[in-house]
Amino acid sequence: MKTNRKLFLNLPVKDLDRSVAFFRGLGFEFDPRFTDEKATCMLVGEDAYVMLLREPFFKEFLGRPMANAHEATECIVAFSAASKGEVDEIVGKALATGGSKALDPKDLGFMYSGSFYDPDGHYWEVVWMDPAALQQ
């Protein structure tokens with residue numbers, strides 16, 4: 001199994017500006033290429049990122065209700081794949097080994113993703129991104 005995967009943790013936030021200010025206060029930086037009024041990308045490590053998403057935007061990615069973080073803990077756990085084919089392969093393996101279907105694959109051209117729930121119900125995404133899109 002590939003061991004050099006990237007990790008992307010997605011968290012819903014009520015007030016993006018307040019969250020950015022808080023995490024900047026802790027010493028984190030953000031990638032301006034992936035920052036707009038809906039979301040920002042917090043740099044955690046060389047291969048680890050936290051996406052802070054306004055709650056309405058976060059909800060667009062879900063196939064079921066969003067957890068209330070004040071009552072329960074939930075997140076989207078995402079990692080990278082080397083190709084669109086590998087995305088489909090990993091999702092297929094997840095479904096074959098006890099996972100369940102989440103959302104249909106999404107193909108945006110520059111990005112392709114597949115998703116599944118693990119046996120405990122946690123939402124996972126496997127994502128391929130066109131390296132040329134990162135240059136823009």
Side-chain angles (χ1 to χ4, degrees):
M1 175 170 212
K2 190 174 181 178
T3 60
N4 61 341
R5 298 192 188 280
K6 296 182 184 298
L7 176 67
F8 304 90
L9 177 61
N10 296 264
L11 299 174
V13 299
K14 287 191 179 295
D15 183 328
L16 186 60
D17 294 334
R18 180 184 68 193
S19 296
V20 169
F22 172 79
F23 286 108
R24 279 194 195 281
L26 297 179
F28 287 98
E29 296 179 358
F30 297 84
D31 189 333
R33 297 176 301 167
F34 303 105
T35 298
D36 62 19
E37 70 282 349
K38 296 180 183 178
T40 189
C41 177
M42 185 170 72
L43 307 173
V44 176
E46 185 176 337
D47 292 316
Y49 311 89
V50 173
M51 297 299 301
L52 302 174
L53 289 75
R54 290 187 193 267
E55 286 184 354
F57 186 51
F58 182 87
K59 289 177 184 178
E60 292 178 19
F61 297 94
L62 303 179
R64 57 186 183 183
M66 183 180 77
N68 180 338
H70 296 284
E71 297 174 2
T73 303
E74 187 55 81
C75 63
I76 298 171
V77 182
F79 58 91
S80 65
S83 66
K84 291 180 181 182
E86 186 180 25
V87 169
D88 293 335
E89 178 183 328
I90 292 169
V91 171
K93 286 180 181 178
L95 300 179
T97 58
S100 59
K101 182 180 178 187
L103 302 175
D104 290 334
K106 295 180 185 176
D107 192 344
L108 303 176
F110 70 96
M111 183 172 72
Y112 180 79
S113 64
S115 58
F116 59 90
Y117 296 107
D118 70 19
D120 293 301
H122 301 293
Y123 182 78
W124 290 80
E125 283 194 348
V126 185
V127 180
W128 168 82
M129 241 183 153
D130 182 349
L134 297 174
Q135 302 298 321
Q136 299 175 357

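Keep in mind that the numbers below use all heavy atoms, side chains included, and drop hydrogens, waters and symmetry copies.
When atom types are taken as modelled, the side chain of D88 and the backbone of V91 share no donor-acceptor pair closer than 3.5 angstrom. E86 contributes a side-chain N or O that, together with a main-chain N or O of A82, makes up a donor-acceptor pair within less than 3.5 Å.
Closest non-hydrogen pair, K38 versus L16, comes out as C-CD2, 3.9 Å. The two residues A81 and W128 have their closest heavy-atom pair at O-CD1, 3.7 Å. Pairing each heavy atom of F110 with each of A133, the nearest pair is CB-CB, 3.7 Å. A pairwise comparison of heavy atoms in S115 and E125 identifies CB-CG, 4.0 Å as the closest pair.
Taking the charged nitrogens against the carboxylate oxygens, R33 and D31 do have a contact shorter than 4.0 Å, which makes a salt bridge. In summary, E55 and K59 do not engage in a salt bridge, as defined by a charged side-chain N under 4.0 Å from a carboxylate O.
Between M51 atom CE and F34 atom CZ the span is 8.0 Å, to the nearest 0.5 Å. Here the CG atom belonging to L62 is positioned 10.0 Å from the CG atom belonging to N10, to the nearest 0.5 angstrom. Distance CZ/F30 to CZ/R24: 5.5 Å, rounded to 0.5 Å. To the nearest 0.5 Å, atoms NZ (K84) and CG (D130) are separated by 8.5 Å. To the nearest 0.5 angstrom, E29 atom CD is 11.5 Å from M42 atom CE. The distance from the CZ atom of F116 to the CD1 atom of I90 is 8.0 Å, given to the nearest 0.5 Å.
More than 12 heavy-atom neighbours from other residues, nucleotides or ligands sit within 6.0 angstrom of NZ on K106.
The distance between the ring centers of F57 and F61 falls below 6.0 angstrom.
In this structure the side chain of L53 never reaches within 4.5 angstrom of the side chain of V13, judged on heavy atoms. Under the 4.5 Å side-chain criterion, counting only non-hydrogen atoms from C-beta, S19 is in contact with L52.
F8 and M66 are assigned to two separate hydrophobic clusters, defined by single-linkage of ILVMFWY side chains at heavy-atom distances under 4.5 Å.
Applying the side-chain contact (heavy atoms from CB on, under 4.5 Å) test between V20 and each of T35, T40, D15 identifies T40 as the sole match.
Geometric assessment of R64 against the ring of Y117 yields a positive cation-pi assignment under the 6.0 Å and 45° thresholds.
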